[in-house]
Protein chains: 2
Amino acid sequence: MPNDVGHEIADALGTLLKRSTREQIYRRLTEGLGEAVDEVTYPVLSGLARTGPRSAAGLADEIGLDRSGVTRRATRLEEAGLLRREPDPADRRATLLALTEAGRAAIHTTRQRLAAHIEDSLASWPPGEAQTFARQLHRFLDHGPFTA
Amino acid sequence: MPNDVGHEIADALGTLLKRSTREQIYRRLTEGLGEAVDEVTYPVLSGLARTGPRSAAGLADEIGLDRSGVTRRATRLEEAGLLRREPDPADRRATLLALTEAGRAAIHTTRQRLAAHIEDSLASWPPGEAQTFARQLHRFLDHGPFTA
DNA sequence: GCATACTGCGTGCGCCGCGCACGCTACTCT
DNA sequence: AGAGTAGCGTGCGCGGCGCACGCAGTATGC
């Protein structure tokens, strides 16, 4: 029965939903980058790297968090020198969150590490197969049941 | 450059690592199943469904959690009638955690829902492509950098 | 032009889940 | 039989989160 495909994918994705798995991933990715970079603050760095400097409210919407959480995480990153608050020239009540050079380096390092881990596990695959798999995974997660 | 494959997969997986995404997934899966079934208690149900009745310590190892957490989650599920504690006949200090009929029904419902969501998003794919994708995903996550 | 409503940010508060450490019961081994 | 160990449950402190409030700055209506 074709229902097996759904269950097989569900089982596979269950691995990623496990708390301990995610913790280990983040631990490896952020190793040696200082105390401030961890599973909690990573989405802030990642979101800023994607879109450039922006307000706390906009970032909160993107990462699905309350603005207070963004404020606290930003404070931690600011104290560690990875993030800088600069006043919005167009609106004096707003403060833009921007990565410092160290912050850009940190997110770059983590992204490189994750990509390297992934490519290691794909090393034994036929190259064409790996690329089609990457495209399919991207399509599945973007237009799938996990984005709406 | 082949490095793009790693980054593309990394970006795709980032979606699943987002807190809000996981919350929405669990919210959909456990809708209408009672207050006791949520993101926190789900791994207990899932683990028991996979392996049958077992001790709290073994379950804690599997889901990567402290035994105290398993105890508390099991208590919540027990009060909701989804889980039953039965004494281990071979060891009177041990208590086996076992799903009740309602617990089995709950985990079955969530699994069916998740599989249905996944298959909906795969409906437009060529059938062979979906199956090979499922196999590749399974292989990637099991023998990949996320299991060790 | 001024009063009022609104927006954006930071902070205090309470809640909840977690890991750690302790106590208790039961088993094991010599 | 006694010492050490394994299994479980609970009290405690920590940390992240959402909510609600206060403050500063902006927009609107008259």
Side-chain angles (χ1 to χ4, degrees), chain A residues 17-24 26-27 30 34-45 47-48 51 53-80 83-98, chain B residues 17-24 26-27 30 35-48 51 53-80 83-98:
Chain A
L17 297 178
K18 275 176 54 179
R19 208 176 204 87
S20 58
T21 305
R22 297 196 314 267
E23 266 186 7
Q24 275 195 347
Y26 279 110
R27 186 171 291 271
T30 62
E35 293 282 336
V37 185
D38 60 1
E39 181 175 358
V40 173
T41 56
Y42 182 83
V44 174
L45 294 174
L48 287 179
T51 65
R54 63 193 306 191
S55 69
L59 196 55
D61 282 344
E62 182 183 342
I63 66 182
L65 201 69
D66 192 80
R67 295 189 319 277
S68 62
V70 175
T71 295
R72 283 185 282 258
R73 299 180 186 197
T75 303
R76 281 178 51 189
L77 291 171
E78 188 181 24
E79 291 171 350
L83 182 145
R84 187 179 51 233
R85 292 177 205 257
E86 45 192 40
D88 188 341
D91 189 340
R92 282 195 306 167
R93 63 191 162 170
T95 65
L96 296 178
L97 305 178
Chain B
L17 297 178
K18 276 176 54 178
R19 209 176 205 88
S20 58
T21 305
R22 297 196 315 267
E23 266 185 8
Q24 275 195 347
Y26 278 108
R27 186 171 292 270
T30 62
E35 294 282 337
V37 185
D38 61 359
E39 181 174 358
V40 173
T41 55
Y42 182 83
V44 173
L45 293 175
S46 176
L48 287 180
T51 66
R54 62 192 306 191
S55 69
L59 196 55
D61 282 344
E62 182 185 342
I63 65 181
L65 201 69
D66 192 77
R67 296 188 318 278
S68 62
V70 176
T71 295
R72 283 184 283 258
R73 298 180 186 196
T75 303
R76 281 178 52 188
L77 291 171
E78 189 181 23
E79 292 170 349
L83 183 143
R84 187 178 52 232
R85 291 177 206 258
E86 46 191 40
D88 188 341
D91 190 341
R92 283 195 305 167
R93 62 191 163 172
T95 65
L96 295 179
L97 306 177

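From a predicted model like this one, the values you see are computed outputs, not experimental measurements. Note that these values count all heavy atoms, side chains included, but never hydrogens, waters or copies made by symmetry. Each chain gets a letter, A, B and so on, in the order its sequence line appears, and its residues count up from 1.
C:dG8 atom P lies 16 Å from atom CZ of A:R85, rounded to whole Å. Computed from coordinates, the B:R54 CZ to D:dA6 C1' distance equals 17 Å when rounded to whole Å. Computed from coordinates, the A:E23 CD to C:dG17 P distance equals 16 Å when rounded to whole Å. Taking atom CG on A:L59 and atom C1' on C:dG10, their separation rounds to 16 Å, with Å as the unit. Taking atom CG of B:L77 as the reference point, atom C1' of C:dG17 lies 14 Å away to the nearest angstrom. As a whole-Å value, the separation of B:E39 CD from D:dG18 P is 12 Å. A:L65 places its CG atom 14 Å from the C1' atom of D:dG15, with the value rounded to the nearest Å. Rounded to an integer number of Å, the gap from A:R19 CZ to D:dG15 P is 16 Å.
For DNA chain C, each stem of at least three Watson-Crick or G-U pairs (distances under 3.5 Å) is given as range with range: C:1-30 with D:1-30.
Applying the salt bridge (charged side-chain N to carboxylate O under 4.0 Å, His left out) rule to A:R27 yields no partners; only residues at least two apart in sequence or on another chain are considered. Take A:T75 and apply the side chain to side chain donor-acceptor pair (under 3.5 Å) test, not counting sequence neighbours, and it matches A:R85. When the side chain to side chain donor-acceptor pair (under 3.5 Å) test is applied to B:T41, the partners found at least two apart in sequence or on another chain are B:D38.
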Exercise for the section: Sugar-phosphate atoms are those with a prime plus P, OP1 and OP2; base atoms are the rest. Using that split, label each nucleotide of nucleotides 24-30 of chain C B, S or - for protein heavy atoms under 4.0 Å, 5' to 3'. Expected result: --BS---
Polar atom pairs (N or O), protein with nucleotides 11-14 of chain C, under 3.5 Å:
unit_1 : atom_1 : unit_2 : atom_2 : d
C:dG12 : O6     : A:R72  : NH1    : 3.4

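Side-chain N/O atoms of B:R76 include one lying less than 4.0 angstrom from OP1 or OP2 on C:dG17.
Considering all non-hydrogen atoms of both residues, A:S55 and A:L96 come closest at N-CD2, 3.8 Å. Residues A:A36 and A:R76 approach most closely at O-NH2, 3.7 Å, considering heavy atoms. The nearest pair of heavy atoms linking B:K18 to A:I63 is CE-CA, 4.4 Å. Closest heavy-atom contact between A:R54 and A:L48: CG-CD2, 3.8 Å. Of all the heavy atoms in B:A74 and B:L83, the pair that sits closest is O-CD2, 3.8 Å. Among all heavy-atom pairs drawn from B:V40 and B:P43, the shortest one is O-CD, 3.3 Å.
Between the side chain of A:T30 and the backbone N or O of A:Y26 there is at least one donor-acceptor pair closer than 3.5 Å. Using modelled atom types, one side-chain atom of B:T71 and one backbone atom of B:R67 make a donor-acceptor pair closer than 3.5 Å.
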